[in-house]
Amino acid sequence: MTFLEYPDREMLMMALADAIASELRQALDLGDRATLSVPGGTTPGPVFDILSALDLDWDRVSVLLNDERWVPEDSPRSNTRLLRERLLRNRAAAARLVPLYAPADTPEAVMAELTRGVEAALPITVLLLGMGADMHTASLFPGADHLAEALADDAPPLMALRAEAAGEPRITLTAPVLRDAMHCHILITGGEKRDALERAETLPELQAPVRCVLKNATIHWAP
């Protein structure tokens, strides 16, 4: 694990966007396509704004969420909606979105279809994750109903999980997919999350799911 501390959040967002863009460019120089996986929520929004305007071969980039709430895209709770508003615009509008939602009552009903799309985009070239104060990442929540299965080495790429802290049912990339990313970045801000990260290093993955990716991650933190 590499820990990078920044004096303020603006500098963090600029440096992180630059690192992601550099890693994507390097991958596109060496191969036909690259895959960028990103979190939902509002924290990474400034990173998305910067990336969306950068001169990259976006038509050769697949963009994949770490996880999604099981809500339609017109819901204000939809991560896909946020992605379209903040990242998949300007030059980045040419990127290919790999969906983690399809109209159905439950994620299980369309899991096979969504998994096929995810598998075609693997492995992840650049992975950007967030982390909650409860030490969850993606939708790998402590106490989730199938957390042990999602953390297992033989987990399928995509799983549906339900947890009290999560609200709606979630669909999430699993630990093996996250660990197999070529580059892994975790974005956190504030003292509470820095303390949570330090706790996560001492706890088992079932209590601190983010630990499953810490070994090879670069942590970006600002107050």
Side-chain angles (χ1 to χ4, degrees), residues 16-17 20 23-24 33-52 58 61-89 92-104 106-108 110-132 136-141 144 150 155-163 165-188 209-210 212-213 217:
L16 178 54
I20 291 170
E23 289 163 354
L24 289 173
R33 296 195 61 82
T35 296
L36 170 64
S37 181
V38 297
T42 55
T43 300
V47 176
F48 297 165
D49 293 339
I50 297 167
L51 287 173
S52 73
W58 284 107
V61 177
S62 297
V63 176
L64 170 66
L65 282 161
N66 308 157
D67 64 317
E68 179 59 288
R69 300 178 175 98
W70 203 249
V71 295
E73 195 175 316
D74 59 5
S75 167
R77 303 259 306 155
S78 167
N79 287 338
T80 305
R81 175 178 175 170
L82 176 70
L83 204 59
R84 291 193 187 279
E85 292 174 351
R86 301 294 292 270
L87 178 59
L88 299 175
R89 60 191 184 94
R96 182 176 74 88
L97 175 64
V98 179
L100 287 194
Y101 177 83
T106 67
E108 288 84 358
V110 288
M111 185 65 67
E113 169 192 342
L114 295 174
T115 298
R116 283 193 294 272
V118 168
E119 287 176 333
L122 297 178
I124 295 168
T125 312
V126 184
L127 172 64
L128 175 60
L129 292 164
M131 184 197 72
H136 86 268
T137 195
S139 278
L140 303 174
F141 283 87
L158 202 60
M159 284 184 62
L161 273 76
R162 292 164 176 81
E168 305 92 343
R170 302 290 185 104
I171 191 163
T172 185
L173 299 178
T174 58
V177 170
L178 301 179
R179 281 196 295 262
D180 285 347
M182 295 173 61
H183 305 279
C184 178
H185 302 273
I186 301 177
L187 166 59
I188 58 172
V210 72
C212 75
V213 293

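These figures come from a predicted structure and were not determined experimentally.
Residues Asp49 and Arg89 form a side-chain contact, since some pair of their non-hydrogen atoms from C-beta on lies under 4.5 Å apart. By the 4.5 Å heavy-atom criterion applied to side chains, Thr35 and Val98 are not counted as neighbours. Counting heavy atoms from C-beta outward, Leu158 and Val177 have side chains that stay 4.5 Å or more apart. Contact annotation: the side chain of Val38 never approaches that of Asn79 to less than 4.5 Å [non-hydrogen atoms, C-beta and beyond]. Side-chain contact check for Glu68 versus Ser78: some heavy-atom pair is nearer than 4.5 Å. Within the 4.5 Å cutoff, the side chain of Asp180 has no heavy atoms near those of the Leu122 side chain. At a threshold of 4.5 Å between non-hydrogen side-chain atoms, the residues Leu173 and Ser37 count as touching. Side-chain atoms of Ile186 and Thr137, non-hydrogen and from C-beta on, never get closer than 4.5 Å to each other.
Residues Asp74 and Arg81 are not paired through a salt bridge, judged by the lack of any N-O separation under 4.0 Å between the basic side chain and the carboxylate.
Closest heavy-atom contact between Gly45 and Arg86: C-NH2, 3.2 Å. Closest heavy-atom contact between Leu83 and Leu65: CD2-CG, 3.9 Å. Residues His136 and Leu140 approach most closely at CB-O, 3.2 Å, considering heavy atoms. Shortest non-hydrogen contact noted between Leu128 and Pro44 is CD2-CB, 4.4 Å. The minimum heavy-atom distance linking Met159 with Ala150 is given by the pair SD-CA, 3.6 Å. Between Leu51 and Ala17, the shortest heavy-atom contact is CD2-O, 3.5 Å.
Using cut-offs of 30° and 60° for the angle between ring planes, the Tyr101 and Trp70 rings count as tilted.
With hydrogens and angles disregarded, no donor-acceptor distance shorter than 3.5 Å links the side chain of Arg170 to the backbone of Ser139.
Atom SG of Cys184 is separated from atom CG of Leu129 by 5.0 Å, given to the nearest 0.5 angstrom.
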